[in-house]
Amino acid sequence: MPLDPRQRVRNVIRQAVATGLLGEEQPVAGFLDTDGIRASVRSLDAAFAHAPDVLHTFAVKAASLVPVLRLLAGLGMGCEVASPGELRLALDAGVPPARIVLDSPAKTPREISEALALGVAVNADNLDELRRIDALRPADSGSVIGLRVNPQVGGGSIGAMSTATATSKFGVALRDPGAREQVVRAFAERPWLTRLHAHVGSQGCPLELIAEGVARTYELAEEINRTLGTRRVTSLDIGGGLPVNFEDEETRPAFADHTRALASAVPGLFDGRYALVTEFGRSLLAKNGFIGARVEYAKEAGGRRIAVTHAGAQIATRTVLMPEAWPLRIGAFDSHGDPRTGVPVRQDVAGPCCFAGDVVAHGRELPALEEGDLVVLYDTGAYYFSTHWAYNSLPRPAVHGFTTDASGGVRLATVRTAQTLDEIAAESGLAHADALAGLGGPEGS
Ligand SMILES: *Cc1c(COP(=O)(O)O)cnc(C)c1O
């Protein structure tokens, strides 16, 4: 019998407190559930089990941590990368180039050349990028090359996460006048262009909308192959974007719900005529991680109780800046890591940053938090450990992986240490300390 998720979190917090990974010296840290990550990958594999040829890549921006990428690679996954930094992490994790897909919208000639030399798959964002690839592609390049299209099926509930609106910056906007013909011609002129790519959107996009975007992409592949009289398009990269439920513990929708929606919108998708690539991020990691943070002070202002913690905009950036779009469940624990019981009180849970809006939960009903208590921000395994904000020169917190056994035992391993003050100084120009004072001015003459 596995422990229920609450007990598991409690045991991990207790162990982290007992071993000094969380507390006065380390007031905020991230935790990743490796058993949970394995289970998520298994459910992804199972949902696509009927697809004869599929490569699941992990969207690195969702957790740009080498040990995470290596764990996923060991489970058979590749990586979707969107910058030289993400490509480097995937390679350092040992992901073979043929299992890496490069997707960024602003690839420089140099990045394109390096990806093509390595044999990394490249999805061109637009027709100008294809023209660059014409010039840069070595004749013997092993890279699969695709073209990203925007099926313009519309947006979801979060504008910033919707990539298939009419005016999205991503891909070739398929419904624009003449675009379809240009795309067909681009494939006609390039025998090595064999893939179509669409990522319809992330959090906030309903399954039907994602499936509709994939359907438009599939129809385009069929049209290209019909027009050219040959199977030029041989694979479809259907992106990621499965939304995550942040309201409670349940994983919904499941990957199987997604493949059901895809199969009903695109009946031919899984018949094996097209190899498939996926690029999931949030749905694989979000529910497999949490943040633990110490309450430094508990105070009152204007009749409102406020817990000032060490988890704020530096680690929960989107939640703090866009609280309506990115709410989080919060748990209250005492300083030993035992759940706080007691009558819920409306309180703000605030962070350490010096701006008034640095609040991760407004007016939340929680047992009254006290100095030294710990809060847990649930479902933060995706993006929260990779979308850090350097505001106030706050350090990137440590991240630890954990497993738990049936008897409640916890094993922890460091994924990333907390950034040190020396590292913060180094990335803040310490090596150039004299640069400005020595740059002219009366005293420098
Ligand atoms: C961000 C992104 C993904 C992953 O999105 P999730 O919502 O985390 O699954 C996949 N593909 C592309 C091109 C992306 O930009």
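Ligands are counted one by one from 1 in listed order, and the atoms in each one are counted from 1 as well.
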Trainee: Does any N or O of ligand 1 fall below 3.5 Å from an N or O anywhere on S283, backbone included?
Mentor: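 In this structure, S283 places no N or O atom under 3.5 Å from an N or O of ligand 1.
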Trainee: Run the numbers for me: atoms of ligand 1, each under 4.0 Å from some heavy atom of F280, listed by number.
Mentor: 9 (O)
Trainee: Should the pair E129-R148 be classified as a salt bridge under the 4.0 Å nitrogen-to-oxygen rule?
Mentor: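 A salt bridge is absent here (no side-chain N lies under 4.0 Å from a carboxylate O).
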Trainee: Ligand 1 versus F170, non-hydrogen atoms closer than 4.0 Å: side chain, backbone, both, neither?
Mentor: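 The answer is neither; F170 stays 4.0 Å or more away.
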Trainee: Quick check: does Q203 get an N/O under 3.5 Å from an N/O on ligand 1?
Mentor: no
Trainee: G241 versus ligand 1: do any nitrogen or oxygen atoms come within less than 3.5 Å of each other?
Mentor: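 In this structure, G241 places an N or O atom under 3.5 Å from an N or O of ligand 1.
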Trainee: Answer yes if the side chains of Y384 and T319 hold a donor-acceptor pair under 3.5 Å, and no otherwise.
Mentor: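 Yes.
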Trainee: Looking at R273 and E222, does any basic side-chain N land under 4.0 Å from a carboxylate oxygen?
Mentor: yes
Trainee: Assess whether a salt bridge exists between E212 and R216, defined as any Lys/Arg side-chain N lying under 4.0 Å from an Asp/Glu carboxylate O.
Mentor: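 Yes, charged N to carboxylate O under 4.0 Å.
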Trainee: Checking a contact table here: which protein heavy atom is nearest atom 15 (O) of ligand 1, and how many Å away?
Mentor: K61 NZ, 2.9 Å
Trainee: For ligand 1, is there an N or O atom under 3.5 Å from any N or O atom of D103?
Mentor: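 In fact, backbone or side chain, D103 has no N or O that close.
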Trainee: Under the 6.0 Å and 45° cation-pi test, does R6 pair with Y378?
Mentor: no
Trainee: Residue-level breakdown please: for R282 versus ligand 1, do any non-hydrogen atoms fall below 4.0 Å on the side chain, on the backbone, on both, or on neither?
Mentor: both
Trainee: Return the set of residues passing salt bridge (Lys or Arg N to Asp or Glu O under 4.0 Å) with R132 (not counting sequence neighbours), or none when no residue passes.
Mentor: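 Once residues adjacent in sequence are excluded, R132 has no partner under the salt bridge (Lys or Arg N to Asp or Glu O under 4.0 Å) criterion.
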Trainee: Check whether any N or O atom of E279, backbone or side chain, sits under 3.5 Å from an N or O atom of ligand 1, and answer yes or no.
Mentor: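 So ligand 1 has an N or O lying under 3.5 Å from an N or O of E279.
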Trainee: Could an N or O of ligand 1 be found under 3.5 Å from any N or O of H197, whether backbone or side chain?
Mentor: no
Trainee: Decide whether T403 and R411 meet the rule of one side-chain donor and one side-chain acceptor closer than 3.5 Å.
Mentor: no
Trainee: Any Lys/Arg nitrogen of D134 or R190 sitting under 4.0 Å from an Asp/Glu carboxylate oxygen of the other?
Mentor: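 Salt bridge between D134 and R190, a charged N being under 4.0 Å from a carboxylate O: yes.
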Trainee: Using a strict cut-off of 4.0 Å, indicate which atoms of ligand 1 neighbour a heavy atom of A59.
Mentor: 3 (C), 4 (C)
Trainee: Tell me the protein heavy atom at minimum distance from atom 8 (O) of ligand 1, and give that distance in Å.
Mentor: Y383 OH, 2.5 Å
Trainee: Any nitrogen or oxygen of G201, main chain or side chain, under 3.5 Å from a nitrogen or oxygen of ligand 1?
Mentor: no
Trainee: At a non-hydrogen distance cut-off of under 4.0 Å, which region of S202 contacts ligand 1 (side chain, backbone, both, or neither)?
Mentor: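 Both backbone and side chain of S202 come within 4.0 Å of ligand 1.
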Trainee: With atoms numbered from 1 as shown, which atoms in ligand 1 lie under 4.0 angstrom from a non-hydrogen atom of G281?
Mentor: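 Here the atoms of ligand 1 in question are 6 (P), 8 (O), 9 (O).
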Trainee: Between H197 and E279, does any side-chain donor sit less than 3.5 Å from a side-chain acceptor?
Mentor: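 Short answer, yes.
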